[in-house]
Amino acid sequence: MRQGVALAAMVGGVSATQPALAAPEEIQVYMDEMDQPGHFGLDTHINYVADGTTTDDYAGAQQALHRLRVTPEFSYGITPYLEAGLYLPLATLDGQGRLDPGGVKTRLKFIAPRRPGQNWWWGANFEIGHVDHKLDINPWNAELKGIVGTRLGKWTLAENANVDFVVSGPVGHSPEVEFDTRVAYAMTKKVSLGIESYNGTGSFAHFGNLHGSDQSIYAVADVDLGRWALNLGVGHGYGTNADTTIVKAIVSLPFERILGRRNAVD
């Protein structure tokens, strides 16, 4: 009986506070990049929480401070407008040097067909996955992402509207809403600099609760290295975000070259 009361108290407390998510496995604003049909891609997401405060969102949660996350994202072009992705593993290396595989997620991305010369795009991405208890009190979660963007000369502007919801777990809550924004300027054909912001706006039940949600902003650089590409960023968390300084990178690898096949961008 005491155990049941304790569990109820823990669940109730977490539900009321809707704990911060901390630095996720993927810090990225989705745009219109797609693998060509029949071709594979590989992006490796890396982020590290360099500074912040320790938090105990729930019993058994892994501390985000000084945690390194490394997540390979395998992708495959199904059609010119549809791409599948697999995040495996959602690996973490915590501040004590303990390595954990973390979980697995899969996604399906759609970018609508465009007329010749059209410089804007729209689409959607659906993601579902299972994560270890150390990363989330709810093992099964999903996200529906709306994608819009445009290129105006050397400027790129993109916006994502994310709805995150619990599929299965002990602590259900109203779906959370976040808006992610990217503004970048092409310094050269190979290098662009920009700003990315990730702004929680509360749940469906408490929409507009900015002060009670995670917020972060990043200075980013994108470098085209031919068969390789890098996205690098340094960010600052605020609002309810306990991660004060986050360093992130996305390394796009020539996966098909590794497999002995022609690269999708050739």
Side-chain angles (χ1 to χ4, degrees), residues 11-32 45 47 49 52-53 55-58 61 64 69 87 90 105 107-111 120-129 131 135-138 140-150 156-169 171-184 194-220 231 233-246 248 250:
V11 170
V14 173
S15 297
T17 59
Q18 294 186 349
L21 298 177
E25 74 279 348
E26 178 188 31
I27 305 174
Q28 178 182 19
V29 177
Y30 275 41
M31 299 201 298
D32 59 338
H45 301 267
N47 66 67
V49 179
T53 59
T55 59
D56 292 311
D57 291 329
Y58 57 89
R69 303 197 69 171
Y87 301 86
L90 309 179
K105 292 185 178 181
R107 66 166 176 82
L108 193 63
K109 179 182 178 183
F110 168 77
I111 296 294
W120 61 274
W121 65 87
W122 70 271
N125 184 81
F126 178 73
E127 177 180 296
I128 187 170
V131 298
L135 300 178
D136 199 312
I137 194 169
N138 296 305
W140 286 96
N141 295 273
E143 178 186 78
L144 180 61
K145 181 190 301 285
I147 305 167
V148 294
T150 185
T156 298
L157 296 88
E159 183 76 23
N160 296 166
N162 307 325
V163 178
D164 296 282
F165 52 94
V166 176
V167 176
S168 177
V171 184
H173 56 73
S174 179
E176 300 283 334
V177 182
E178 179 181 286
F179 291 93
D180 303 337
T181 305
R182 174 181 168 86
V183 179
I195 297 292
E196 294 177 359
S197 67
Y198 301 84
N199 304 108
T201 57
S203 65
F204 280 5
H206 301 93
F207 186 75
N209 183 18
L210 299 177
H211 295 293
S213 303
D214 278 11
Q215 316 288 335
S216 60
I217 187 166
Y218 289 79
V220 297
N231 170 267
V234 178
H236 172 69
Y238 57 101
T240 59
N241 195 338
D243 304 333
T244 305
T245 304
I246 311 104
K248 71 148 182 160
I250 304 173

- Message: If I compare all heavy atoms of Ser168 with all of Asn138, which pair ends up nearest, and what's the gap?
- Response: O-CB, 3.8 Å
- Message: Could you go through Trp120 and Val148, starting from their C-alpha distance and side-chain angles, then the distance that decides it, and tell me whether this counts as side-chain contact (heavy atoms from CB on, under 4.5 Å)?
- Response: CA-CA 7 Å; Trp120 61 274; Val148 294; over 6 Å; no
- Message: When you compare the side chain of Val171 with that of Val166, does any pair of heavy atoms fall below 4.5 Å?
- Response: no
- Query: Of the non-hydrogen atoms in Ser213 and Gly202, which two are nearest, and what is the gap between them?
  - Reply: OG-N, 3.0 Å
- Walk me through it: do Leu135 and Arg69 pass the test side-chain contact (heavy atoms from CB on, under 4.5 Å)? CA-CA 11 Å; Leu135 300 178; Arg69 303 197 69 171; 3.3 Å; yes
- Message: I'd like to know if the side chain of Ser174 reaches the main chain of Ser203, judged simply by a donor and an acceptor atom lying under 3.5 Å from each other, with no hydrogens or angles considered.
- Response: no
- Main-chain N/O of Ala184 paired with Thr156 side-chain donor or acceptor, under 3.5 Å: no
- Query: Taking the six-membered ring for Trp, are Tyr198 and Tyr218 parallel (under 30°), tilted (30 to 60°) or perpendicular (over 60°)?
  - Reply: perpendicular
- Query: Closest heavy-atom contact between Gly237 and Ile246?
  - Reply: N-CD1, 4.0 Å
- Looking at Asp243 and Ala64, what are the two nearest heavy atoms and their distance? OD1-CB, 3.6 Å
- Task: Check whether any side-chain heavy atom of Ile128 sits under 4.5 Å from a side-chain heavy atom of Lys105, and report yes or no.
- Result: no
- Item | Qualifying residues under salt bridge (Lys or Arg N to Asp or Glu O under 4.0 Å), relative to Asp180, sequence neighbours excluded | none
- Query: salt bridge (Lys or Arg N to Asp or Glu O under 4.0 Å) with Lys109: which residues, sequence neighbours excluded?
  - Reply: none
- Item | Atom pair OG1/CE of Thr150 and Met31 - distance to nearest 0.5 Å | 11.5 Å
- Any chance you could measure Arg107, atom CZ, to Tyr30, atom OH, to the nearest 0.5 Å? 4.5 Å
- Query: Among all residues two or more places apart in sequence or in another chain, which pass the side-chain contact (heavy atoms from CB on, under 4.5 Å) test with Ala61?
  - Reply: Tyr58
- Message: According to side-chain contact (heavy atoms from CB on, under 4.5 Å), who are the partners of Val177, at least two apart in sequence or on a separate chain?
- Response: Phe179, Thr201, Phe204, Phe207
- Note on the structure: Residues at least two apart in sequence or cross-chain that pass side-chain contact (heavy atoms from CB on, under 4.5 Å) with Thr181, listed by chain then number, are Glu159, Val183, Ser197
- Note on the structure: Tightest non-hydrogen contact, residues Thr244 and Gly52, listed as OG1-CA, 3.4 Å
- Query: If only atom types and distance count, is the side chain of Asn47 paired as donor or acceptor with the main-chain N or O of Pro24 below 3.5 Å?
  - Reply: yes
- Message: If I compare all heavy atoms of Val131 with all of Asn141, which pair ends up nearest, and what's the gap?
- Response: CG2-ND2, 4.4 Å
- Task: Might you work through the side-chain contact (heavy atoms from CB on, under 4.5 Å) test for Glu176 and Asn162, ending with a clear yes or no?
- Result: CA-CA 8 Å; Glu176 300 283 334; Asn162 307 325; over 6 Å; no
- Item | Close side-chain approach of Asp214 and Glu178, heavy atoms under 4.5 Å | no
- Could you pull out all residues at least two apart from Glu26 that satisfy salt bridge (Lys or Arg N to Asp or Glu O under 4.0 Å)? none
- Note on the structure: Rounded to the nearest 0.5 Å, the CD atom of Glu196 sits from the CD1 atom of Ile217 at a distance of 10.0 Å
- Query: Can you tell me how far the CG atom of Asn125 sits from the CD1 atom of Ile147, to the nearest 0.5 Å?
  - Reply: 5.5 Å
- Query: Under 3.5 Å, is there a donor-acceptor pair linking the side chains of Gln215 and Asn241?
  - Reply: no
- Any chance you could measure Trp122, atom CH2, to Asp32, atom CG, to the nearest 0.5 Å? 13.5 Å
- Flag, side chain of His45 to backbone of Ile250, donor-acceptor distance under 3.5 Å: no
